[in-house]
There are 2 protein chains.
Amino acid sequence: MSTYSLTPTSYLVLGCLASAGPSTPYELKQAVAESVGYFWSFPHSQLYSEPARMTAAGLVQEEREEGGRRRRVFSITAVGRAALDDWLTQPTAGLPDIRDVGLLKLFFGDLVGPDEVNALAVAQRGAHEERLKLYEGLFSGPPQSAAESTIGLGIAWERAAAAFWASIAENPPKPT
Amino acid sequence: MSTYSLTPTSYLVLGCLASAGPSTPYELKQAVAESVGYFWSFPHSQLYSEPARMTAAGLVQEEREEGGRRRRVFSITAVGRAALDDWLTQPTAGLPDIRDVGLLKLFFGDLVGPDEVNALAVAQRGAHEERLKLYEGLFSGPPQSAAESTIGLGIAWERAAAAFWASIAENPPKPT
DNA sequence: CCTATCATGTAATCCGTTACATGATTAT
DNA sequence: ATAATCATGTAACGGATTACATGATAGG
């Protein structure tokens with residue numbers, strides 16, 4: 001047997017197929033772009049290769065449309081659904097790395113100078129505030145689903161990050 | 001010419017070499033583990049392969065110790081330092097994805113049920129609080145350097161995330 | 001009709017991870 | 001001595017990104 005293992009991307013695709021029903025890669029791309037893609041993005045090519053890999057593993061099955069373009073339509077199998085449920089049922093206490101390029105530059109800020117750190121802080125603050133506005137404009141009322149509730153963490157993160165960079169800009173760290 | 005391009009990991013290594021001076025991969029590993037590794041971690045094997053790649057590109061040079069174990073010692077070259085300064089000087093307005101596995105599970109929470117979502121929220125809240133305590137214990141006074149100031153974002157993030165998951169646990173999203 | 005954009009897909013490369021493996025050093 | 005742990009390194013695999021490429025549709 002192969003050492004095939006499912007990545008978060010795999011489960012993302014499985015979850016989308018379970019939620020939205022049979023989909024073409026392009027439909028997946030669109031669905032991802034306006035929802036989960038806000039906090040977990042990747043290029044569209046993976047929405048072609050990942051279902052293909054999972055088809056080989058039996059978690060997903062592929063059909064072709066009859067007429068016209070004969071696009072591929074993927075749907076989740078019972079095996080795939082079981083794997084997804086297994087994964088969703090494990091609570092996951094692990095935390096992600098922040099892996100923020102701006103923060104990495106700040107970390108090495110002493111190698112350059114306060115001006116460069118300040119420019120970085122201003123740029124980062126602006127970007128976070130912009131993203132915050134985008135998030136705040138997405139929904140009006142309280143979240144209507146678990147999926148919608150995820151935006152809350154996005155908003156909290158952007159607020160925290162914008163405030164952090166503002167404080168860096170106001171009170172730049174000076175090396176001793 | 002090769003299409004060699006520097007990744008954030010490359011700059012991380014360059015920055016460590018610029019900050020700490022010539023280092024062996026193991027010294028890099030230790031330095032990373034107790035500082036930048038808190039928000040940008042990777043396995044130690046990359047601290048062997050990455051300097052090797054950069055040596056080929058002329059950004060870093062390698063020497064071997066004389067006696068005993070003849071370990072590799074890497075040091076940044078003038079070319080490497082210039083590349084690092086270039087990178088540090090560009091302000092980087094780009095934002096990272098959150099890419100949080102727990103958040104991904106929450107996103108698909110409607111596929112399982114409120115109990116599973118609650119268990120997830122409790123586990124995530126606990127993990128974030130634990131990490132928060134770790135961060136808060138690292139330094140006593142105000143940050144003494146740009147590097148130390150990065151912990152501020154870590155703390156802000158953990159607080160925001162812990163509060164978010166607490167709110168999910170208290171007020172679980174119910175699908176309509 | 002022509003062209004710009006959307007839609008759909010493939011190929012190749014490479015970074016990052018996982019796994020393996022072996023020298024040194026310390027403790028008992 | 002010998003086990004255990006720390007230190008150091010390599011090999012191989014595969015997922016993720018980048019780049020390329022072509023088919024449809026709509027607008028002018």
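Here is the naming used below: chain letters follow the sequence lines, and residue numbers restart at 1 for every chain.
The nearest whole Å value for the distance from the CH2 atom in B:Trp40 to the P atom in C:dC15 is 15 Å. Going from atom CG of B:Leu47 over to atom P of C:dC15 covers 15 Å, rounded to whole Å. Between A:Arg71 atom CZ and C:dA7 atom P there is a gap of 10 Å when expressed in whole angstrom units. A:Glu27 places its CD atom 15 Å from the C1' atom of C:dG9, with the value rounded to the nearest Å. Summarising the geometry, the separation between CG on B:Leu6 and P on C:dG16 is reported as 11 Å, rounded to the nearest angstrom. As rounded to whole Å, 15 Å separates atom C1' of C:dT22 from atom OH of B:Tyr26. C:dG16 atom P lies 7 Å from atom CZ of B:Arg53, rounded to whole Å. Across the protein-nucleic acid pair, B:Leu12 atom CG and C:dC15 atom P stand 16 Å apart, rounded to whole Å.
Using a cut-off of 4.0 Å between Lys/Arg side-chain N and Asp/Glu carboxylate O, A:Glu130 and A:Lys133 are scored as not salt-bridged.
Across all strands, B:Tyr48 comes closer than 4.0 Å to base atoms (heavy-atom distances).
Across every non-hydrogen atom of A:Leu14 and A:Val60, the tightest pair is CD2-CG2, 3.9 Å.
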**Evaluation steps, side-chain contact (heavy atoms from CB on, under 4.5 Å), between A:Arg71 and A:Arg64** = CA-CA 5 Å; A:Arg71 295 180 297 176; A:Arg64 314 277 303 220; over 6 Å; no
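Each of C:dC15, C:dT8, D:dA7 was ranked by its minimum atom distance to the side chain of B:Gln30; first place goes to D:dA7. For B:Lys29, whose side chain is taken as the heavy atoms from C-beta onward, the closest listed nucleotide among D:dT17, D:dT8, C:dC15 is D:dT8. Between C:dG16, D:dG9, C:dT8, one nucleotide has an atom nearer to the side chain of B:His44 than all others, and that is D:dG9.
By the 6.0 Å contact criterion, CD on B:Glu136 is enclosed, its count of non-hydrogen atoms from other residues, nucleotides or ligands being greater than 12. Environment of CD in A:Glu62: crowded, with over 12 heavy atoms of neighbouring residues, nucleotides or ligands closer than 6.0 Å.
When each of B:Thr24 and A:Pro43 is assigned the nucleotide of DNA chain D bearing its nearest heavy atom, the one mapping closer to the 5' terminus is B:Thr24.
At the phosphate of D:dT10, OP1 or OP2 sits under 4.0 Å from a side-chain N or O atom of B:Arg72. Phosphate contact (OP1/OP2 of C:dG9, side-chain N/O of A:Ser45, threshold under 4.0 Å): absent. In this model, the phosphate group of D:dT17 is approached by a side-chain N or O of A:Gln46 to a distance below 4.0 Å at OP1 or OP2.
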